[in-house]
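One structure is given below, encoded as structure tokens.
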Amino acid sequence: MTNPDIRCRFAPSPTGYLHVGSARTALFNWLFARSVGGTFVLRIEDTDGDRNRPELIDVIFDELRWLGIDWDEGPFFQSDSRDRHRQVVTDLLANGRAYLSERVNEENVVIEGSELVDGLAVRYRVPKDRQVVFTDAVRGDVSFETNDLEDFVIWRSNGTPTFLLANAVDDADMGITHAIRGEDLLSTTPKVQLLMEEIGATPPIYGHLPLLVNEQRKKLSKRRDDVSIADYRTRGYLPEAMVNYLALLGWGPDDDIEIRPIIEIIDKFDLGRVNKAAAFFDLKKLDHFSATYIQNLDADKFVELVLPYLHADERWSAETIDVAVVKEFAGDVQQRVARLSEVPDWYDWLFLDSVEIEEKAMNKGLRKAKQADEVLDGVIEAFADCAWEEDVLNQTVRAVGDTLGVKSAVPVRVAVTGKMGGIPLYGPLVRLGRDKTIDRLRTAREHLRSSS
RNA sequence: GCCCCGUUCGUCUAGCGGCCUAGGACGCCACCCUCUCAAGGUGGUAGCACGGGUUCAAAUCCCGUACGGGGUACCA
């Protein structure tokens, strides 16, 4: 089903970062537009003059692009329609649908006058004894009594429109047919609808998305939670994983297939199937998605994505990184990480001059390992003149262990890498070289001697 | 307080009156594989908030209750 007449929009305010909840809203709008062949519009709700600095806005564009969410029209800025907004307010004032208002000692006082006055706010006069009903694309019929609504400000005393006014006017002017947004905006809907009625416009179909919540089941907040998309990007989540995961918060395909290309998600997406209950943003599951996407990367792409992280690592200089080595063991590293930022720790021992043995590994892998000293002695001796090939190295370590009747791989691994776990050892050892390897084995042997 | 919205395994979800002794995924547990850690494979764990209706039949429809959330700004 395609309908080119459908127009939806994402309308963030310029906060200086893209919130994951906003990203999810943007994504659902985008998925909806793409799935029906409609138009996706980007509009910046910068009615509050203090906040429309370019640097606060560009990051939002950046993050949207990173996620692969592209827009067909815009970005438009609400502040560019100031004259139009002022005109609407002026009209409402002139025909008595709104009035001048001032806040005096916690009280709103009505000021006489039917024209805009500098320094005074304008309030919309909410009609009495009426019901505002609408059919939400996600929630079904919703209704409000206007008697429960207070007169609200549509024009600030500083000469700017409020979100309520600008939102109504702009959606009308831009021909928005569907407004998909967070549930936190549900109770503003009757106010906006009333304003649209005043200007003779047909309101869009609203679809209020369930909120994203934290473990306390509270709306994700900037203070307590990791909400910035940019931070997830820095930590090395793949955008494809992020988008795939976000799409599944509040919605699910009917065929139980969760990890799938965006093109299929678009195809499966159905606004009417969006859930109503709040969804917990589960990092563990995001990690799983990200790990899967990283695992499926081809080696070249993986290297390309990971090089910046390796180069930025302060433990070595960028020139130290051997791209060929990174690529050779890419597959082994890929199946061990959920985020790109974790990657350097799997390669580090290959690029470091010497390794520091982690305390835990020292204890468990060397001190407490049976006859670790003899294993090291044996391997040091055997490594001195054996062929420096993967299979030979493997066999050699094994043989030393067999002779002693103990497991020999772990002590060697700990001595060379400094850690208990890691990628398969012997291939990388070939690249590390005989000298460095034996050197590390000797160093570990010394440690053992001095600490026992 | 008032208004609005919501409630299926711990979590994300499938389910839109019979196919449900409720399916999948993450997590967790066990086993297999294995030079380690993983990955992978196999199996397991766990849920329709509660109470009334309606119906031959309800997780699915209606009404209450409880609990949770959102809003109630010259923020959006």
Side-chain angles (χ1 to χ4, degrees), chain A residues 11-15 22 45-48 50-51 78 101-103 108 119-123 136 138-140 142-145 147-150 152-164 166-167 181-191 208 210-213 215-219 245 247-259 272-273 275-289 291-292 295 331-338 346 361 364-365 393-395 397-398 401 407-414 417 419-426 429:
Chain A
S13 63
T15 49
S22 301
E45 310 235 298
D46 57 346
T47 58
D48 189 350
D50 301 343
R51 289 208 278 187
Q78 276 188 330
S101 164
E102 192 172 22
R103 193 131 182 98
N108 297 319
L120 289 183
V122 177
R123 262 171 211 282
D136 189 285
V138 173
R139 279 149 220 283
V142 181
S143 74
F144 292 83
E145 302 289 334
N147 291 352
D148 292 324
L149 269 32
E150 289 178 14
F152 53 89
V153 171
I154 55 178
W155 190 258
R156 300 190 188 94
S157 53
N158 69 2
T160 61
T162 60
F163 148 79
L164 268 357
N167 194 267
R181 16 127 83 161
E183 199 204 326
D184 50 347
L185 293 176
L186 185 56
S187 50
T188 70
T189 309
K191 298 177 185 175
H208 287 95
L211 260 21
L212 260 33
V213 298
E215 46 288 314
Q216 278 98 237
R217 295 253 126 207
K218 294 262 202 283
K219 180 167 77 163
Y245 176 66
L248 264 24
L249 255 23
W251 174 81
D254 54 9
D255 60 5
D256 283 339
I257 299 173
E258 296 196 319
I259 296 183
R273 283 170 46 90
N275 283 146
K276 302 175 182 70
F280 171 61
F281 186 82
D282 187 0
L283 265 186
K284 286 242 186 69
K285 190 154 180 175
L286 205 215
D287 279 350
H288 173 256
F289 274 50
T292 304
Q295 210 171 137
D332 291 324
V333 173
Q334 279 171 269
Q335 60 187 210
R336 270 160 255 257
V337 298
W346 294 90
K364 209 173 162 203
L393 296 177
N394 189 348
Q395 236 87 117
V397 172
R398 201 174 294 240
K407 294 276 228 176
S408 53
V410 171
V412 174
R413 170 180 293 282
V414 170
T417 72
K419 301 168 193 175
M420 282 297 285
I423 58 176
L425 191 60
Y426 305 108
L429 235 39

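Below, chains carry the letters A, B, ... as their sequence lines are ordered, and counting in each starts from 1. Note: hydrogens, waters and symmetry copies are ignored here, and every other heavy atom, side chains too, is used.
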**Prompt:** Looking at the side chain of A/Phe144, which of B/C35, B/U11, B/C4 is the nearest nucleotide?
**Reply:** B/C4
**Request:** First locate atom CZ of A/Phe152, then atom OG1 of A/Thr162, and finally report the distance between them rounded to the nearest 0.5 Å.
**Result:** 7.5 Å
**Prompt:** CG/A/Leu211 to NZ/A/Lys218 distance, rounded to the nearest 0.5 angstrom?
**Reply:** 12.0 Å
**Prompt:** Considering only B/G69, B/U36, B/G24, which nucleotide approaches the side chain of A/Asp256 most closely?
**Reply:** B/G24
**Asked** Between A/Gln335 and A/Ser101, who's closer to the 5' end of RNA chain B by nearest nucleotide?
**Response** A/Gln335
**Message:** Counting the atoms with a prime plus P, OP1 and OP2 as sugar-phosphate, which does A/Ile423 contact under 4.0 Å by heavy atoms, base, sugar-phosphate, or nothing?
**Reply:** base
Less than 3.5 Å apart, which donor and acceptor atoms pair up between the side chains of residues 280-289 of chain A and the rest of the protein, not counting sequence neighbours?
unit_1, atom_1, unit_2, atom_2, d
A/Asp282, OD1, A/Lys284, N, 3.1
A/Lys285, NZ, A/Glu258, OE1, 3.2
A/Lys285, NZ, A/Glu258, OE2, 3.3
A/Asp287, OD1, A/Tyr237, OH, 2.6
A/Asp287, OD1, A/Arg339, NH1, 3.3
A/Asp287, OD2, A/Arg339, NH1, 3.3

**Asked** Which part of the nucleic acid, if any, lies within reach of A/Ala277 when heavy atoms closer than 4.0 Å are counted: base, sugar-phosphate only, or nothing?
**Response** sugar-phosphate
**Complete:** Against the side chain of A/Pro424, the closest entry in B/C35, B/G71, B/C4 is B/C35
**Request:** Please state the C1' separation for the pair B/A14 and B/A73 - nearest whole angstrom.
**Result:** 41 Å
**Item:** Heavy-atom pair of closest approach, residues A/Asn275 and A/Val138
**Value:** O-CG1, 3.6 Å
**Prompt:** With both distances under 3.5 Å as the test, what is the Watson-Crick or G-U wobble partner of B/A66?
**Reply:** B/U7
**Request:** Could you check how far CD of A/Gln216 sits from C1' of B/G10, rounded to whole Å?
**Result:** 15 Å
**Asked** Watson-Crick or G-U wobble partner for B/C2, using a 3.5 Å limit on both distances?
**Response** B/G71
**Message:** Would the distance check show the side chain of A/Ser101 and the main-chain N or O of A/Ala121 forming a donor-acceptor pair, the cut-off being under 3.5 Å?
**Reply:** no
**Message:** Taking any heavy-atom pair under 4.0 Å as a contact, classify A/Phe289: base, sugar-phosphate, or nothing.
**Reply:** nothing
**Request:** Give a yes or no on whether the backbone of A/Lys419 and the side-chain of A/Arg413 come within a donor-acceptor separation of less than 3.5 Å.
**Result:** no
**Prompt:** In whole Å, what is the span from the CG atom of A/Asp148 to the C1' atom of B/C4?
**Reply:** 9 Å
**Prompt:** Given the rule in the side chain to side chain contact (heavy atoms under 4.5 Å, CB included) test, do A/Lys191 and A/Asn167 qualify, once you have shown the distances and angles that lead to the verdict?
**Reply:** CA-CA 10 Å; A/Lys191 298 177 185 175; A/Asn167 194 267; over 6 Å; no
**Closest listed nucleotide, where the reference is the side chain of A/Arg217 and the choices are B/A38, B/U13, B/U11** = B/U11
**Request:** Taking A/Arg336 for its side chain and A/Asp332 for its backbone only, find out whether a donor-acceptor pair lies under 3.5 Å.
**Result:** yes
**Who pairs with B/C37 - Watson-Crick or G-U, where each distance is under 3.5 Å** = none
**A/Asn275 side-chain N/O to B/U7 phosphate OP1/OP2 under 4.0 Å** = no
**Request:** Specify the separation, in whole Å, of atom CG of A/Leu212 and atom C1' of B/C5.
**Result:** 16 Å
**Rounded P spacing from B/C63 to B/U21 in Å** = 27 Å
**Prompt:** Is A/Gly421 touching bases, backbone alone, or none of the nucleic acid, heavy atoms closer than 4.0 Å?
**Reply:** base
**Message:** Applying the Watson-Crick and G-U wobble criteria at under 3.5 Å, what pairs with B/A30? Answer none if nothing qualifies.
**Reply:** B/U42
**Message:** Classify A/Leu425 by what it touches in the nucleic acid, base, sugar-phosphate, or nothing, heavy-atom distance under 4.0 Å.
**Reply:** base
**Message:** Taking the minimum atom-to-atom distance to the side chain of A/Arg336, which one of B/C12, B/U36, B/C37 wins?
**Reply:** B/C37
**Request:** Provide the distance between the two P atoms, one in B/G15 and one in B/C19, to the nearest whole Å.
**Result:** 15 Å
**Fill in**
Residues A/Trp346 and A/Ile423: closest non-hydrogen pair is CE3-N, 4.2 Å
Pairs: protein N or O with nucleotides 27-34 of chain B N or O, under 3.5 Å:
none

**Prompt:** In whole Å, what is the span from the CG atom of A/Asp287 to the P atom of B/A39?
**Reply:** 12 Å
**Message:** Checking base pairs now: Watson-Crick or wobble, both atom distances under 3.5 Å. What partners B/U21?
**Reply:** none
**Prompt:** So, is A/Lys219 near the phosphate of B/G69, with a side-chain N or O under 4.0 Å from OP1 or OP2?
**Reply:** no
**Item:** A/Glu215, CD atom: more than 12 neighbouring heavy atoms under 6.0 Å
**Value:** yes
**Item:** Between B/U55 and B/C61 - C1' atom distance, rounded Å
**Value:** 10 Å
**Message:** By the 4.0 Å heavy-atom rule, please label A/Lys407 as base, sugar-phosphate, or nothing.
**Reply:** nothing
**Message:** Between B/C3 and A/Ser187, counting only base atoms on the nucleotide and side-chain atoms on the residue, is there a donor-acceptor pair under 3.5 Å?
**Reply:** no
**Item:** Interatomic distance, A/Leu393 atom CG to A/Leu429 atom CG [nearest 0.5 angstrom]
**Value:** 5.5 Å
**Prompt:** Quantified in whole Å, what is the P atom distance between nucleotide B/C62 and nucleotide B/C29?
**Reply:** 42 Å
**Prompt:** Reckon A/Glu258 touches a base, only the sugar-phosphate, or nothing at all at heavy-atom distances under 4.0 Å?
**Reply:** base
**Item:** B/G27 and B/U11, which share atom name P, separated by this distance in whole Å
**Value:** 16 Å
**Request:** May I ask you to say what A/Leu185 touches in the nucleic acid, namely base, sugar-phosphate or nothing, with a heavy-atom cut-off under 4.0 Å?
**Result:** base
**Message:** Could you tell me how far B/C9 sits from B/C48 if I compare only their C1' atoms? Round to whole Å.
**Reply:** 10 Å
**Complete:** Separation of B/G71 atom C1' from A/His208 atom NE2, nearest Å, is 11 Å
**Prompt:** Considering heavy-atom distances to RNA chain B, does A/Lys276 or A/Gln295 have its closest nucleotide positioned more toward the 5' end?
**Reply:** A/Lys276
**Prompt:** If we take the P atom in both B/A49 and B/G6, what is their distance in whole Å?
**Reply:** 14 Å
**Between P of B/U36 and CE of A/Met420, the distance in whole Å** = 10 Å
**Asked** Between A/Arg139 and A/Glu183, is there a side-chain N and carboxylate O pair less than 4.0 Å apart?
**Response** yes
**Item:** Closest listed nucleotide, where the reference is the side chain of A/Arg123 and the choices are B/C74, B/C5, B/U11
**Value:** B/C74
**Asked** What integer distance in Å separates A/Asp184:CG from B/G71:P?
**Response** 6 Å
**Asked** Between B/C12, B/C4, B/C35, which one does the side chain of A/Leu249 approach most closely?
**Response** B/C12
**Prompt:** NA contact type, A/Thr188, heavy-atom cut-off 4.0 Å: base, sugar-phosphate, or nothing?
**Reply:** base
**Prompt:** A/Gly250 near the nucleic acid: base, sugar-phosphate alone, or nothing, with a heavy-atom cut-off under 4.0 Å?
**Reply:** sugar-phosphate
**Message:** In this structure, how many angstroms lie between the P atom of B/C4 and the CD atom of A/Glu145, rounded?
**Reply:** 8 Å
**Message:** So, OP1 or OP2 of B/G15: does either fall under 4.0 Å of a side-chain N or O from A/Arg273?
**Reply:** yes
